[in-house]
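All ligand and atom numbering here is 1-based and tracks the order in the structure. In this chain, residues are counted from 1 in sequence order.
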Amino acid sequence: MADINRQWLLRARPSGQLRQDDFEYREAPRPTEPLAPGEMRIKNVVFLCAPTMRNWMDPPGNSLYPSVPLGQPVMAPAVGRVVESNNPDFAPGDRVFALSSWQDYATLGGSTVRQPTKLTDGISFIDAMGRYGLNPITAYFGLLDVGAAKAGETLVVSGAAGSTGSTAAQIGKIKGMRVIGIAGGADKCAWLKNDCGLDGVIDYKSEDVAARLAALCPKGIDVFYDNVGGDILQAAVNNMAPFGRIVLCGQISAYDSDQQPEGPRNMMRLIYGSIRMQGFLCGSYAARFGEAVGDLKAWHAAGRIAYREDLHRGFENLPAAFRTLFTGGNQGTLLVAIDDSASDTH
Ligand SMILES: NC(=O)c1ccc[n+]([C@@H]2O[C@H](COP(=O)([O-])OP(=O)(O)OC[C@H]3O[C@@H](n4cnc5c(N)ncnc54)[C@H](OP(=O)(O)O)[C@@H]3O)[C@@H](O)[C@H]2O)c1
């Protein structure tokens with residue numbers, strides 16, 4: 001790699017939908033300043049485009065994480081390789097997962113928000129961000145732990161054709177549930193039905209979601225795994241079965257907008273139905289990630305999970321790729337590889 005550090009900076013706070021000119025491309029010198037104790041420098045290899053990064057671009061106060069400062073590289077989950085270290089637990093050459101940023105080289109550790117973690121040997125950078133990455137792990141704990149999913153129950157998943165949603169839906173099938181997926185467009189719905197083996201699908205772009213839920217779930221929804229929020233969450237609230245669980249994984253319908261998310265109405269419905277609604281964060285399960293990855297590996301090896309990955313290559317493509325999350329343009333886990341070593345497993 002040349003002695004430059006390519007960066008995508010947040011140029012302006014997005015007003016409504018993201019635009020390409022909310023970002024600015026810059027070539028800075030490769031960083032050489034001495035590392036403070038505990039710090040390391042990593043060369044980013046693959047970025048995960050996570051919808052919640054859009055919340056990090058908003059003014060302070062809209063996210064758990066600090067807002068990305070204007071003029072700074074966009075904060076993003078990434079996997080990469082340590083190139084310099086002043087941290088006794090990490091050595092040059094180590095492969096790590098980190099809350100990094102849109103640039104070739106990021107200085108991490110020390111006082112940064114989250115400490116990097118080492119990748120398991122034998123799993124490529126791409127797979128560590130993709131099929132065994134944050135989204136499938138989120139789906140695993142969200143459905144099984146938060147949702148307390150049980151065989152024979154009816155599961156409804158919104159954002160069902162996406163990275164997190166398609167895993168949640170298929171784990172539901174593996175666990176013996178009847179699974180209905182909600183997604184946008186005929187192609188995604190056909191994939192859910194034909195490849196993922198779902199029992200029913202709802203195209204929220206062309207169908208009345210509340211009416212279809214009532215028809216497809218005559219005894220109500222036992223577990224609603226929600227990636228979307230807004231009207232779709234409302235439709236599910238109105239169709240929950242007694243003692244149902246609503247798993248609040250995400251609210252993507254509200255991210256790329258200036259509007260406050262619509263809260264669900266009719267909370268008496270939850271009281272009358274003894275229904276539990278609970279949000280969660282994948283990071284809370286960090287100590288148990290190995291459990292999820294072990295099961296996911298076994299299910300993939302047995303061909304029990306249909307998986308789609310939307311892999312872009314090239315640092316220059318980061319903002320454009322990221323924006324597809326909010327138009328439904330992505331087909332599965334959205335990754336951007338910026339380095340030829342993305343398939344390396346050691
Ligand atoms: N709680 C956690 O720890 C955690 C961790 C990871 C992810 N998440 C959440 O999980 C959700 C999915 O994330 P992902 O990374 O797996 O992305 P993804 O589902 O692969 O991609 C996003 C999808 O969201 C759908 N979408 C976008 N705008 C929408 C709208 N206005 N209404 C309905 N659907 C819309 C689109 O699918 P269609 O074509 O079907 O519209 C799009 O393809 C997000 O809400 C994210 O924040 C939460």
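Residue Asp104 is tested with Lys43, Arg26, Arg30 for a salt bridge (charged side-chain N to carboxylate O under 4.0 Å, His left out); the sole match is Lys43. Results of the side chain to side chain donor-acceptor pair (under 3.5 Å) test with Gln331 over Lys188, Glu309, Arg308 single out Arg308 as the only residue that passes.
Ring geometry for Phe23 versus Trp8: interplanar angle over 60°, hence perpendicular rather than tilted (30 to 60°). Using a 30° and 60° split on the angle between ring planes, Phe141 and Phe289 fall in the parallel class, below 30°.
Enclosure of atom NZ in Lys205 by more than 12 non-hydrogen atoms of other residues, nucleotides or ligands within 6.0 angstrom is indicated.
Closer than 4.0 angstrom to ligand 1 by heavy atom are Pro51, Asn135, Thr138, Gly162, Ser163, Thr164, Ala183, Gly184, Lys188, Tyr204, Asn227, Val228, Cys249, Gly250, Gln251, Ile252, Ser253, Tyr255, Phe280, Leu281, Cys282, Leu325, Phe326, Gly328, Asn330, Gly332, sorted by chain and number.
The two residues Asn44 and Ser100 come nearest to each other via the heavy atoms OD1-OG, 2.8 Å.
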